[in-house]
2 protein chains.
Amino acid sequence: MTQTSFRSGCPINLGLEVFGDKWTLLIIRDMMFAGKRHFREFPASDEAISSNILSDRLTMLVSAGILTRAGDPSHKLKAIYSLTEKGIDLLPIIAQISRWSRSYMPVDPVLAATGEARDKGGPGAIDAQMAELRRLHLGEG
Amino acid sequence: MTQTSFRSGCPINLGLEVFGDKWTLLIIRDMMFAGKRHFREFPASDEAISSNILSDRLTMLVSAGILTRAGDPSHKLKAIYSLTEKGIDLLPIIAQISRWSRSYMPVDPVLAATGEARDKGGPGAIDAQMAELRRLHLGEG
DNA sequence: TCCTTTGATTGCAAAATGCAATCACTTGCT
DNA sequence: AGCAAGTGATTGCATTTTGCAATCAAAGGA
(Lines give C-alpha, C1' and ligand atoms only; values in the text may rest on other atoms or scores of the structure.)
Protein backbone atom coordinates (compact mmCIF):
# COMPACT_ATOMS: atom_id res chain seq x y z
CA MET A 1 0.00 0.00 0.00
CA THR A 2 2.61 2.52 -1.08
CA GLN A 3 0.10 4.03 -3.48
CA THR A 4 -0.82 7.64 -2.88
CA SER A 5 -4.51 8.20 -3.28
CA PHE A 6 -5.27 11.35 -5.22
CA ARG A 7 -8.43 13.37 -4.82
CA SER A 8 -9.13 13.03 -8.53
CA GLY A 9 -7.49 12.27 -11.86
CA CYS A 10 -7.94 15.82 -13.12
CA PRO A 11 -4.65 17.21 -14.49
CA ILE A 12 -5.08 20.52 -12.66
CA ASN A 13 -5.73 18.74 -9.40
CA LEU A 14 -2.82 16.33 -9.79
CA GLY A 15 -0.42 19.21 -10.28
CA LEU A 16 -1.76 20.99 -7.22
CA GLU A 17 -1.43 17.85 -5.15
CA VAL A 18 2.29 17.89 -5.89
CA PHE A 19 3.23 21.58 -5.78
CA GLY A 20 0.06 23.29 -4.55
CA ASP A 21 1.47 25.09 -1.53
CA LYS A 22 3.36 28.24 -0.69
CA TRP A 23 6.88 26.78 -0.63
CA THR A 24 7.49 24.03 -3.17
CA LEU A 25 7.74 26.22 -6.27
CA LEU A 26 9.94 28.70 -4.41
CA ILE A 27 12.47 25.92 -3.90
CA ILE A 28 12.32 25.15 -7.61
CA ARG A 29 12.64 28.86 -8.38
CA ASP A 30 15.78 29.13 -6.26
CA MET A 31 17.31 26.15 -7.99
CA MET A 32 16.45 27.46 -11.45
CA PHE A 33 17.24 31.16 -11.08
CA ALA A 34 19.68 31.35 -8.17
CA GLY A 35 21.52 28.13 -8.86
CA LYS A 36 20.96 26.79 -5.36
CA ARG A 37 21.89 23.16 -4.90
CA HIS A 38 22.63 22.83 -1.16
CA PHE A 39 20.29 22.69 1.82
CA ARG A 40 21.68 25.68 3.65
CA GLU A 41 21.44 27.96 0.64
CA PHE A 42 17.65 28.02 0.55
CA PRO A 43 16.80 29.82 3.82
CA ALA A 44 18.83 32.80 2.60
CA SER A 45 16.01 33.83 0.22
CA ASP A 46 13.76 36.72 1.17
CA GLU A 47 10.91 34.40 2.13
CA ALA A 48 13.18 32.66 4.68
CA ILE A 49 11.92 29.09 4.56
CA SER A 50 12.48 27.28 7.84
CA SER A 51 14.57 24.16 7.89
CA ASN A 52 11.84 21.73 8.90
CA ILE A 53 9.63 22.72 5.99
CA LEU A 54 12.58 22.79 3.64
CA SER A 55 13.57 19.30 4.70
CA ASP A 56 10.02 18.06 4.26
CA ARG A 57 9.68 19.54 0.77
CA LEU A 58 13.05 18.37 -0.47
CA THR A 59 12.21 14.84 0.61
CA MET A 60 8.83 15.10 -1.08
CA LEU A 61 10.33 16.50 -4.30
CA VAL A 62 12.85 13.68 -4.48
CA SER A 63 10.17 11.05 -3.92
CA ALA A 64 8.01 12.77 -6.54
CA GLY A 65 10.81 12.49 -9.08
CA ILE A 66 11.26 16.23 -9.45
CA LEU A 67 14.66 16.37 -7.76
CA THR A 68 17.47 13.94 -7.16
CA ARG A 69 19.75 13.98 -4.16
CA ALA A 70 23.41 13.07 -4.40
CA GLY A 71 26.32 13.26 -2.00
CA ASP A 72 29.03 15.79 -2.59
CA PRO A 73 32.23 13.87 -3.35
CA SER A 74 34.38 16.40 -1.50
CA HIS A 75 32.28 16.66 1.67
CA LYS A 76 30.49 13.63 3.00
CA LEU A 77 27.87 15.63 4.86
CA LYS A 78 27.07 17.82 1.89
CA ALA A 79 24.14 16.96 -0.37
CA ILE A 80 23.66 18.17 -3.92
CA TYR A 81 20.13 18.50 -5.20
CA SER A 82 19.53 18.37 -8.94
CA LEU A 83 16.48 18.97 -11.09
CA THR A 84 15.18 16.10 -13.17
CA GLU A 85 13.54 16.60 -16.55
CA LYS A 86 10.22 16.51 -14.68
CA GLY A 87 11.49 19.34 -12.53
CA ILE A 88 12.95 21.35 -15.38
CA ASP A 89 9.61 21.09 -17.14
CA LEU A 90 8.06 23.15 -14.32
CA LEU A 91 9.71 26.22 -15.81
CA PRO A 92 6.81 27.07 -18.16
CA ILE A 93 4.44 27.05 -15.17
CA ILE A 94 6.73 29.29 -13.19
CA ALA A 95 7.12 31.62 -16.16
CA GLN A 96 3.34 31.96 -16.42
CA ILE A 97 2.97 32.65 -12.71
CA SER A 98 5.63 35.32 -13.07
CA ARG A 99 3.87 36.87 -16.03
CA TRP A 100 0.54 36.95 -14.17
CA SER A 101 2.05 38.53 -11.07
CA ARG A 102 3.89 41.14 -13.10
CA SER A 103 0.54 42.14 -14.59
CA TYR A 104 -1.52 42.24 -11.42
CA MET A 105 0.62 42.24 -8.28
CA PRO A 106 2.99 44.77 -6.69
CA VAL A 107 6.19 43.07 -7.78
CA ASP A 108 9.66 44.33 -6.98
CA PRO A 109 10.87 45.86 -10.27
CA VAL A 110 14.36 44.49 -9.77
CA LEU A 111 13.08 40.96 -9.30
CA ALA A 112 10.64 41.37 -12.17
CA ALA A 113 13.44 42.17 -14.61
CA THR A 114 14.43 38.56 -15.27
CA GLY A 115 10.85 37.64 -16.07
CA GLU A 116 10.46 40.62 -18.37
CA ALA A 117 13.59 39.66 -20.24
CA ARG A 118 12.30 36.11 -20.61
CA ASP A 119 8.98 37.35 -21.98
CA LYS A 120 10.76 39.63 -24.39
CA GLY A 121 12.73 36.68 -25.67
CA GLY A 122 9.57 34.77 -26.59
CA PRO A 123 9.14 30.99 -26.31
CA GLY A 124 12.73 30.53 -27.41
CA ALA A 125 13.97 32.10 -24.19
CA ILE A 126 12.23 29.47 -22.08
CA ASP A 127 13.53 26.67 -24.27
CA ALA A 128 17.03 28.09 -23.98
CA GLN A 129 16.85 28.28 -20.20
CA MET A 130 15.51 24.74 -20.01
CA ALA A 131 18.39 23.56 -22.19
CA GLU A 132 20.84 25.31 -19.89
CA LEU A 133 19.22 23.69 -16.83
CA ARG A 134 19.55 20.29 -18.49
CA ARG A 135 23.22 20.95 -19.02
CA LEU A 136 23.73 21.96 -15.39
CA HIS A 137 21.52 19.34 -13.73
CA LEU A 138 21.48 16.35 -16.07
CA GLY A 139 25.01 16.87 -17.30
CA GLU A 140 26.40 13.41 -16.55
CA GLY A 141 23.06 11.71 -15.91
CA MET B 1 -3.53 49.48 7.88
CA THR B 2 -5.46 47.43 5.31
CA GLN B 3 -2.18 46.55 3.61
CA THR B 4 -1.31 42.88 3.38
CA SER B 5 2.36 42.26 4.04
CA PHE B 6 3.88 39.89 1.53
CA ARG B 7 6.84 37.67 2.21
CA SER B 8 8.70 39.22 -0.71
CA GLY B 9 8.19 41.16 -3.92
CA CYS B 10 9.23 38.23 -6.09
CA PRO B 11 6.65 37.58 -8.85
CA ILE B 12 6.65 33.84 -8.23
CA ASN B 13 6.11 34.34 -4.52
CA LEU B 14 3.34 36.90 -4.99
CA GLY B 15 1.41 34.52 -7.19
CA LEU B 16 1.80 31.73 -4.66
CA GLU B 17 0.62 33.99 -1.86
CA VAL B 18 -2.66 34.41 -3.74
CA PHE B 19 -3.36 30.97 -5.20
CA GLY B 20 -0.67 28.76 -3.66
CA ASP B 21 -2.89 26.13 -2.07
CA LYS B 22 -4.75 23.01 -3.04
CA TRP B 23 -8.18 24.55 -3.63
CA THR B 24 -8.08 28.04 -5.13
CA LEU B 25 -7.19 27.05 -8.69
CA LEU B 26 -9.72 24.22 -8.60
CA ILE B 27 -12.45 26.79 -8.03
CA ILE B 28 -11.15 28.78 -11.00
CA ARG B 29 -10.97 25.59 -13.04
CA ASP B 30 -14.61 24.79 -12.28
CA MET B 31 -15.67 28.27 -13.29
CA MET B 32 -13.65 28.18 -16.51
CA PHE B 33 -14.31 24.64 -17.70
CA ALA B 34 -17.53 23.59 -16.00
CA GLY B 35 -19.24 26.97 -16.11
CA LYS B 36 -19.92 26.99 -12.37
CA ARG B 37 -21.18 30.29 -11.04
CA HIS B 38 -23.13 29.36 -7.87
CA PHE B 39 -21.89 28.34 -4.44
CA ARG B 40 -23.61 24.99 -4.30
CA GLU B 41 -22.27 23.86 -7.66
CA PHE B 42 -18.66 23.62 -6.50
CA PRO B 43 -18.82 20.77 -3.97
CA ALA B 44 -20.16 18.51 -6.72
CA SER B 45 -16.67 18.19 -8.25
CA ASP B 46 -14.67 15.02 -7.65
CA GLU B 47 -12.44 16.71 -5.09
CA ALA B 48 -15.50 17.60 -2.99
CA ILE B 49 -14.50 20.91 -1.46
CA SER B 50 -16.22 21.54 1.85
CA SER B 51 -18.41 24.57 2.28
CA ASN B 52 -16.30 26.36 4.89
CA ILE B 53 -13.19 26.27 2.72
CA LEU B 54 -15.20 27.18 -0.35
CA SER B 55 -16.68 30.15 1.45
CA ASP B 56 -13.28 31.27 2.64
CA ARG B 57 -11.71 31.02 -0.83
CA LEU B 58 -14.56 32.75 -2.62
CA THR B 59 -14.32 35.65 -0.19
CA MET B 60 -10.56 35.78 -0.67
CA LEU B 61 -10.85 35.65 -4.47
CA VAL B 62 -13.34 38.51 -4.48
CA SER B 63 -11.14 40.62 -2.22
CA ALA B 64 -8.14 39.77 -4.42
CA GLY B 65 -9.99 41.08 -7.48
CA ILE B 66 -10.07 37.71 -9.23
CA LEU B 67 -13.81 37.21 -8.88
CA THR B 68 -16.80 39.45 -8.44
CA ARG B 69 -19.93 38.52 -6.55
CA ALA B 70 -23.37 39.66 -7.66
CA GLY B 71 -26.88 38.86 -6.58
CA ASP B 72 -29.08 36.84 -8.87
CA PRO B 73 -31.97 39.08 -9.93
CA SER B 74 -34.45 36.21 -9.86
CA HIS B 75 -33.46 34.74 -6.48
CA LYS B 76 -32.51 37.02 -3.64
CA LEU B 77 -30.45 34.39 -1.85
CA LYS B 78 -28.59 33.32 -4.94
CA ALA B 79 -25.14 34.69 -5.66
CA ILE B 80 -23.45 34.75 -9.05
CA TYR B 81 -19.68 34.65 -9.14
CA SER B 82 -17.91 36.02 -12.18
CA LEU B 83 -14.30 36.01 -13.30
CA THR B 84 -12.55 39.35 -13.72
CA GLU B 85 -9.87 39.93 -16.34
CA LYS B 86 -7.36 39.19 -13.59
CA GLY B 87 -9.10 35.86 -13.07
CA ILE B 88 -9.44 35.03 -16.76
CA ASP B 89 -5.73 35.68 -17.13
CA LEU B 90 -5.06 32.71 -14.84
CA LEU B 91 -5.94 30.43 -17.74
CA PRO B 92 -2.39 30.27 -19.17
CA ILE B 93 -1.13 29.13 -15.75
CA ILE B 94 -3.81 26.48 -15.51
CA ALA B 95 -3.07 25.35 -19.05
CA GLN B 96 0.60 24.88 -18.17
CA ILE B 97 -0.21 22.94 -15.02
CA SER B 98 -2.46 20.73 -17.11
CA ARG B 99 0.26 20.18 -19.69
CA TRP B 100 2.80 19.26 -17.00
CA SER B 101 0.46 16.81 -15.28
CA ARG B 102 -0.46 15.17 -18.56
CA SER B 103 3.23 14.54 -19.14
CA TYR B 104 4.16 13.25 -15.72
CA MET B 105 1.13 12.30 -13.63
CA PRO B 106 -1.47 9.53 -13.87
CA VAL B 107 -4.24 11.68 -15.27
CA ASP B 108 -7.71 10.44 -16.13
CA PRO B 109 -7.70 10.21 -19.96
CA VAL B 110 -11.24 11.52 -20.18
CA LEU B 111 -10.38 14.60 -18.14
CA ALA B 112 -7.12 15.06 -20.03
CA ALA B 113 -8.94 15.31 -23.36
CA THR B 114 -9.87 18.97 -23.02
CA GLY B 115 -6.27 19.89 -22.25
CA GLU B 116 -4.99 17.86 -25.18
CA ALA B 117 -7.39 19.60 -27.52
CA ARG B 118 -6.27 22.97 -26.20
CA ASP B 119 -2.61 22.07 -26.76
CA LYS B 120 -3.38 20.86 -30.25
CA GLY B 121 -4.99 24.20 -31.00
CA GLY B 122 -1.83 26.10 -30.15
CA PRO B 123 -1.72 29.51 -28.45
CA GLY B 124 -4.80 30.55 -30.43
CA ALA B 125 -6.90 28.05 -28.53
CA ILE B 126 -6.10 29.68 -25.20
CA ASP B 127 -6.78 33.13 -26.60
CA ALA B 128 -10.10 31.91 -27.97
CA GLN B 129 -11.14 30.43 -24.65
CA MET B 130 -10.15 33.59 -22.83
CA ALA B 131 -12.22 35.62 -25.28
CA GLU B 132 -15.18 33.34 -24.64
CA LEU B 133 -14.74 33.72 -20.87
CA ARG B 134 -14.71 37.49 -21.28
CA ARG B 135 -17.96 37.27 -23.17
CA LEU B 136 -19.57 35.12 -20.46
CA HIS B 137 -18.19 36.87 -17.39
CA LEU B 138 -17.55 40.45 -18.42
CA GLY B 139 -20.45 40.63 -20.84
CA GLU B 140 -22.26 43.64 -19.42
CA GLY B 141 -19.40 44.83 -17.18
C1' DT C 1 41.57 19.54 20.18
C1' DC C 2 38.04 22.65 19.43
C1' DC C 3 35.37 25.38 16.46
C1' DT C 4 32.65 25.56 12.27
C1' DT C 5 29.73 23.64 8.75
C1' DT C 6 26.55 20.20 7.12
C1' DG C 7 21.68 18.37 6.49
C1' DA C 8 18.60 17.81 9.06
C1' DT C 9 15.27 16.70 13.68
C1' DT C 10 12.61 18.08 17.84
C1' DG C 11 9.27 20.60 20.73
C1' DC C 12 5.67 23.45 20.97
C1' DA C 13 2.31 27.15 19.89
C1' DA C 14 -0.52 28.87 16.24
C1' DA C 15 -2.96 28.46 12.09
C1' DA C 16 -5.24 25.86 8.46
C1' DT C 17 -7.89 21.93 7.04
C1' DG C 18 -11.64 18.47 6.99
C1' DC C 19 -16.05 16.92 8.26
C1' DA C 20 -20.76 17.11 9.81
C1' DA C 21 -24.35 19.67 11.60
C1' DT C 22 -26.75 23.73 11.54
C1' DC C 23 -28.33 28.51 10.39
C1' DA C 24 -31.37 32.44 8.49
C1' DC C 25 -33.61 33.45 4.70
C1' DT C 26 -36.14 32.77 0.19
C1' DT C 27 -38.68 30.23 -3.18
C1' DG C 28 -42.01 27.18 -4.98
C1' DC C 29 -45.82 24.29 -4.26
C1' DT C 30 -50.24 23.25 -2.58
C1' DA D 1 -51.21 30.38 4.85
C1' DG D 2 -48.27 26.58 5.47
C1' DC D 3 -44.48 23.72 4.52
C1' DA D 4 -40.72 21.38 2.16
C1' DA D 5 -36.79 22.40 -0.64
C1' DG D 6 -33.01 25.31 -1.94
C1' DT D 7 -29.83 29.30 -1.02
C1' DG D 8 -25.02 30.92 0.66
C1' DA D 9 -22.97 30.38 4.13
C1' DT D 10 -21.44 29.66 9.67
C1' DT D 11 -20.23 26.84 13.76
C1' DG D 12 -17.91 23.27 16.55
C1' DC D 13 -14.44 20.23 16.96
C1' DA D 14 -10.75 16.94 15.84
C1' DT D 15 -6.78 16.48 12.95
C1' DT D 16 -3.06 18.23 10.23
C1' DT D 17 0.07 21.62 8.75
C1' DT D 18 2.81 25.59 9.54
C1' DG D 19 6.13 28.65 11.84
C1' DC D 20 9.81 29.47 14.90
C1' DA D 21 13.71 28.51 17.77
C1' DA D 22 16.66 25.31 19.67
C1' DT D 23 19.21 21.41 19.04
C1' DC D 24 21.48 17.29 16.98
C1' DA D 25 25.23 13.99 15.14
C1' DA D 26 28.66 13.62 11.83
C1' DA D 27 32.42 15.61 9.26
C1' DG D 28 35.94 19.16 8.11
C1' DG D 29 39.20 22.62 9.03
C1' DA D 30 42.48 24.94 12.14
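Note on naming: letters A, B, ... go to the chains in the order of the sequence lines (proteins, then strands), and numbering restarts at 1 for each one.
Atom C1' of nucleotide dA8(C) and atom CD of Glu41(A) are separated by 15 Å, given to the nearest angstrom. As a whole-Å value, the separation of Glu47(A) CD from dT18(D) P is 16 Å. Between the NZ atom of Lys36(A) and the P atom of dT6(C) there is a distance of 14 Å, rounded to whole Å. When rounded to the nearest whole Å, the span between CG of Leu16(B) and P of dT18(D) equals 13 Å.
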Give every pair of a protein N or O atom and an N or O atom of nucleotides 22-27 of chain C that lie under 3.5 Å apart, one pair per line with the distance.
from, atom 1, to, atom 2, distance (Å)
dT27(C), OP1, Lys76(B), N, 3.1

Listed pairs, N/O of protein and of nucleotides 13-17 of chain C, under 3.5 Å:
from, atom 1, to, atom 2, distance (Å)
dT17(C), OP1, Arg57(B), NH2, 2.9
dT17(C), OP2, Arg57(B), NH1, 3.4
dT17(C), OP2, Arg57(B), NH2, 3.1

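In this structure, Arg69(A) reaches the sugar-phosphate backbone alone: every heavy-atom distance under 4.0 Å involves primed, P, OP1 or OP2 atoms, never a base.
For Ser51(A) against dT9(C), a side-chain-to-base donor-acceptor contact under 3.5 Å is present.
Donor-acceptor pairing under 3.5 Å is recorded for the side chains of Thr24(B) and Asp21(B).
Note that NZ of Lys22(A) is 9.5 Å distant from CZ of Phe19(B), once rounded to the nearest 0.5 Å. Here the CD-CD1 distance, from Glu17(B) to Ile12(B), works out to 12.5 Å after rounding to the nearest 0.5 Å.
Under a cutoff of 6.0 Å and an axis angle of 45°, Arg7(B) and Trp23(A) form a cation-pi pair.
Using a 4.0 Å cut-off between charged nitrogen and carboxylate oxygen, Glu116(A) and Arg102(A) do not count as a salt-bridge pair.
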